[in-house]
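Here's the structure we're looking at; comments come further down.
All ligand and atom numbering here is 1-based and tracks the order in the structure. Bear in mind the structure is a predicted one, so any value in this text is a computation, not a measurement.
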Amino acid sequence: MCTRKDMYKLVTLPGDGTGPEVMRQGLRVLEAVSQPTGLAWNIEEIPCGGKYYLEHGDRDWPAGSEAKCDAADLILLGAVGWPSPEGRGPVLMKDGKMAGYSPVLGNRTRLDLFANVRPVILYPGVKHRVHGTHKQVWEPGKVDMVIVRENTEGLYSPTGGKLAPGGRTDVAIDTRVITRRASEQVIRFAFELCRRRNKGAPDDGKLRVTAIVKDNVLHGCQHFRDVFFEIGESYPDIEKDTAIVDAFTQWLINRPEYYDVCVTTNMFGDIVTDLASTLQGGMGMAVGGNIGHEHAMFEPIHGSAPKHAGRDRINPIAMILAVKEGLEWLGHRKSDDRLAKAARAIEAAVVSALEVGKPLTYDLVGEDKAARCSEVGQAIAAHAGRLAAA
Ligand code: IPM
Ligand code: MG
């Protein structure tokens, strides 16, 4: 029996579109592993996103949400972003920011969640989604890297604006800010992660950190690269590698086994991690942790996918793995082995469903064999619960 003080505070941000659907499955799995491991949660669900903004017309989440996130032990996010009724891009707020900014970019900056950590793993049984003429299927284990994205500045810095003489926008400016402080902390994080993982690249087993830059052109990338080599001096056991981002995109696809940990600036990281999801079976498998010194928020990196919303159709595995990553992070932070055990049970249940090949959603097994989102969640929850009890 848990007393209130043994409870961890969890904030959930289901968000828009398919976000709430996958969140339900994530929480179902969490519940299944919590009971046998003796974990108890005080769960606060905060409505948020573009649809919330349209319905409330003021903010993209209720007043007081910041303080609730600040006080949470762990934050889980579904997805945000909703099409504007005019049919041109996402709903924007009066200040021009995307409706859904507060739970995502707002939390990332306010809580200094400086590292966006995106594991790219092709689990056995999952076919990658690269459809070349050779239909090559990699041997298992060839894709096992982590891309660490700086999460608070770069092109996402709120320093730009629009010039609209006479009311008609003429010039729009986004300023890319790369600071020493943010670069140092995310680069150090990447080196530490490389050591902790202690796996090396699948190809040659070498511990390697690759900085993805455009240092032949951009000042910010030259600065990021120089900081990378400075910080790297403290890690003589780790190979330092740089790749220019455009060339990197093809190497990522044609030799993923070369990469162990990669680190990059905000916008490049946003783009290359969606591309990298192709190597792990698609966006339905890709998970991201927004990690700071004191706080963390975990999410599937797919968006709200409005066209699939309400159809109980999309893959909940990214969300389920986000729960697993969150438990692992909190377990480490609180030195609580129950959380680590619960995380291991979730991953093992996911791996087993992928190996057996069912029940899985359409993106992994095709329409004719597809199970519903909720069926996948139910099966993984049941199995994870049994494993956590063992
Ligand atoms: C992501 C998303 C966000 C980003 C959006 C929703 C603002 O694409 O987490 O990758 O650009 O960071
Ligand atoms: Mg993205």
Side-chain angles (χ1 to χ4, degrees), residues 13-20 22-23 26 46 48-53 60-61 69 75-84 89-93 95-120 146-160 174-178 182 186 212 245 249 252 262-280 282-292 295-309 314 318-319 321-322 325-326:
L13 303 163
D16 288 308
T18 53
V22 294
M23 182 65 78
I46 301 180
C48 59
K51 208 150 177 243
Y52 179 93
Y53 178 78
D60 54 358
W61 61 2
C69 289
I75 307 172
L76 295 174
L77 171 71
V80 290
W82 195 248
S84 69
V91 181
L92 299 182
M93 300 192 284
D95 60 4
K97 290 182 173 135
M98 176 190 81
Y101 177 97
S102 308
V104 183
L105 303 175
N107 267 354
R108 286 178 185 169
T109 44
R110 196 187 67 262
L111 298 172
D112 197 17
L113 309 178
F114 61 86
N116 194 323
V117 183
R118 300 189 163 179
V120 183
V146 184
I147 300 182
V148 182
R149 161 187 176 191
E150 199 292 318
N151 212 23
T152 59
E153 58 175 30
L155 258 182
Y156 286 63
S157 306
T159 43
D174 298 295
T175 312
R176 184 166 177 263
V177 177
I178 307 290
V186 76
I212 306 162
V245 62
T249 58
L252 176 68
C262 301
V263 63
T264 190
T265 50
N266 205 343
M267 187 81 246
F268 293 167
D270 182 42
I271 297 167
V272 299
T273 52
D274 273 24
L275 175 60
S277 80
T278 304
L279 303 175
Q280 56 189 135
M283 290 294 272
M285 300 297 294
V287 47
N290 303 269
I291 301 180
H295 303 272
M297 173 170 81
F298 295 82
E299 56 177 325
I301 75 167
H302 59 68
S304 55
K307 72 173 183 200
H308 295 302
I314 77 153
M319 183 78 236
L321 289 173
E325 294 282 325

Discussion item. Within the structure provided, determine whether R118 and I301 are in side-chain contact (heavy-atom separation under 4.5 Å).
Written reply: yes

Fill in: Pair D95-Y101, side-chain donor/acceptor within less than 3.5 Å
no

Please tabulate, one line per pair, the protein N or O atoms found under 3.5 Å from any N or O atom of ligand 1, giving the distance to one decimal.
from, atom 1, to, atom 2, distance (Å)
ligand 1, 8 (O), D270, OD1, 3.3
ligand 1, 9 (O), R108, NH2, 2.8
ligand 1, 9 (O), R118, NH2, 3.0
ligand 1, 10 (O), R118, NH1, 3.3
ligand 1, 10 (O), R118, NH2, 3.0
ligand 1, 10 (O), R149, NH1, 3.2
ligand 1, 10 (O), D270, OD1, 2.8
ligand 1, 11 (O), Y156, OH, 2.6
ligand 1, 12 (O), R108, NH1, 2.7
ligand 1, 12 (O), R149, NH1, 3.3
ligand 1, 12 (O), R149, NH2, 2.8

Item to complete: Sort by chain and number the protein N/O/S atoms that are closer than 2.8 Å to the Mg ion (ligand 2), and list them.
Response: D270 OD1

Discussion item. Is any side-chain heavy atom of I291 closer than 4.5 Å to one of F298?
Written reply: yes

Worksheet item: Can you find a pair of side-chain heavy atoms, one from R110 and one from C69, that are under 4.5 Å apart?
Response: yes

Worksheet, complete the sentence: Interatomic distance, CG@D270 vs CZ@R149, rounded to 0.5 Å, equals 4.0 Å

Fill in: Heavy-atom check, side chain of T265 versus side chain of R176, under 4.5 Å
yes

Item to complete: Working to the nearest 0.5 Å, report the span between CG of L92 and CG of D60.
Response: 11.0 Å

Fill in: E299 side chain near L13 side chain, heavy-atom distance below 4.5 Å
no

Worksheet entry | Side-chain touch E325/V117, heavy atoms, less than 4.5 angstrom | no

